[in-house]
Colleague: 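Here it is, the structure, as structure tokens.
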Amino acid sequence: MPAALSFGEVLTPLFFYVVIVAYMAFVLVSAWQFSRRPEPGRSMRFINLTLVPLGVLVALVGVLAASFNAFSNQEGTPSTIWAIVMVALGLGGSSLLLAFEGFVLRSRVRSSNEERRAIGLRSLSLIATTVPLVVLGLLFVVLALRISL
């Protein structure tokens, strides 16, 4: 029984690390694909090169803080709840910005229906994954504020 317990204790965090890294990679690849599109203004590139990496960095700091808290069996700074908020809202905010940018790019692309469809599908997948992250982040904000009061 102890071997199964430790096996589960190892695989559960490993699963979440893999999921978070995969989602970070998805967001960064989306930003890279959108930034390679020609566009008349610089606002899209500003979003891709500053705000999206900042959101991913906030999420990465949240992952590291939650990991250090879990491995040391104590609450550090930021607390584990706020670290989860950082992960959820950092990745959710980046996804939301990229989804909005994708819809704007889709409306500007005039070349082919395949290219417009690819941009549209990427934007829809970003929106579909943003909603649960933002809801999770907001629930943990409420939980963190309720605990601290």
Side-chain angles (χ1 to χ4, degrees), residues 1-37 39 43-107 109 114-149:
M1 189 68 151
L5 185 61
S6 64
F7 185 70
E9 288 175 356
V10 169
L11 281 184
T12 302
L14 184 64
F15 170 76
F16 286 110
Y17 288 134
V18 168
V19 168
I20 289 170
V21 167
Y23 194 74
M24 283 182 185
F26 174 66
V27 167
L28 292 174
V29 166
S30 298
W32 177 253
Q33 285 181 346
F34 289 164
S35 71
R36 292 182 27 203
R37 305 261 182 226
E39 53 145 325
S43 62
M44 296 289 187
R45 293 233 164 105
F46 173 76
I47 290 171
N48 280 334
L49 298 176
T50 57
L51 296 178
V52 171
L54 182 65
V56 171
L57 183 65
V58 166
L60 188 59
V61 168
V63 167
L64 291 174
S67 299
F68 287 131
N69 290 345
F71 292 135
S72 65
N73 293 326
Q74 60 186 358
E75 286 291 316
T77 306
S79 68
T80 303
I81 292 175
W82 285 109
I84 293 170
V85 168
M86 291 170 67
V87 172
L89 295 183
L91 290 177
S94 296
S95 287
L96 192 60
L97 284 171
L98 283 171
F100 175 73
E101 178 183 354
F103 288 127
V104 169
L105 282 175
R106 184 179 184 276
S107 68
V109 170
E114 288 179 19
E115 192 173 357
R116 293 183 75 213
R117 185 176 298 126
I119 293 171
L121 287 175
R122 172 79 60 169
S123 300
L124 286 175
S125 64
L126 284 163
I127 284 288
T129 55
T130 296
V131 172
L133 279 172
V134 171
V135 168
L136 177 72
L138 293 176
L139 286 173
F140 271 95
V141 165
V142 168
L143 180 66
L145 291 175
R146 193 171 267 297
I147 288 174
S148 66
L149 292 179

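Quick note: residue numbers are just sequence positions, from 1.
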Colleague: Out of curiosity, I84 CD1 to L136 CG, how far, rounded to the nearest 0.5 Å?
Modeller: 7.5 Å
Colleague: Answer yes or no: is there a side-chain heavy-atom contact under 4.5 Å between V142 and L138?
Modeller: no
Colleague: Quick one: closest heavy-atom pair of G137 and V85, and the distance?
Modeller: O-CG2, 3.8 Å
Colleague: Taking all atoms of both residues into account, what is the closest heavy-atom pair of A83 and A65, and its distance?
Modeller: CB-CB, 4.0 Å
Colleague: List the residues meeting side-chain contact (heavy atoms from CB on, under 4.5 Å) with L139, not counting sequence neighbours, and say none if there are none.
Modeller: V135
Colleague: Excluding sequence neighbours, so at least two apart, what forms side-chain contact (heavy atoms from CB on, under 4.5 Å) with V27?
Modeller: Y23, V52, V56, S94, S95, L98
Colleague: Using a cut-off of 6.0 Å, state whether more than 12 heavy atoms not belonging to F26 lie near its atom CZ.
Modeller: yes
Colleague: I'd like to check the side-chain contact (heavy atoms from CB on, under 4.5 Å) partners of Q33; sequence neighbours left out, ordered by chain and number.
Modeller: V29, R122
Colleague: Sequence neighbours left out, what passes side chain to side chain donor-acceptor pair (under 3.5 Å) with S123? Give chain and number order.
Modeller: none
Colleague: To the nearest 0.5 Å, what is the distance between CG on L126 and CZ on F103?
Modeller: 8.5 Å
Colleague: Would you check if V63 and F16 make a side-chain contact, meaning some heavy-atom pair closer than 4.5 Å?
Modeller: no
Colleague: Under the rule for side-chain contact (heavy atoms from CB on, under 4.5 Å), what residues qualify as partners of V61, not counting sequence neighbours?
Modeller: M86
Colleague: Search all heavy atoms of V58 against all heavy atoms of G90 and return the closest pair with its distance.
Modeller: CG1-CA, 4.4 Å
Colleague: With rounding to the nearest 0.5 angstrom, report the CG to CG distance, L96 to L51.
Modeller: 12.0 Å
Colleague: How close do A59 and V87 get, heavy atom to heavy atom, and via which atoms?
Modeller: O-CG2, 3.3 Å
Colleague: To check you understand the geometry: which heavy-atom pair defines the closest contact between L89 and V141, and what is its length?
Modeller: CD1-CG2, 4.3 Å
Colleague: The criterion is side chain to side chain donor-acceptor pair (under 3.5 Å); which residues satisfy it with S67, sequence neighbours excluded?
Modeller: Y17
Colleague: Locate the shortest heavy-atom distance separating I119 from G102; write the atom from each residue and the value.
Modeller: CG2-O, 3.2 Å
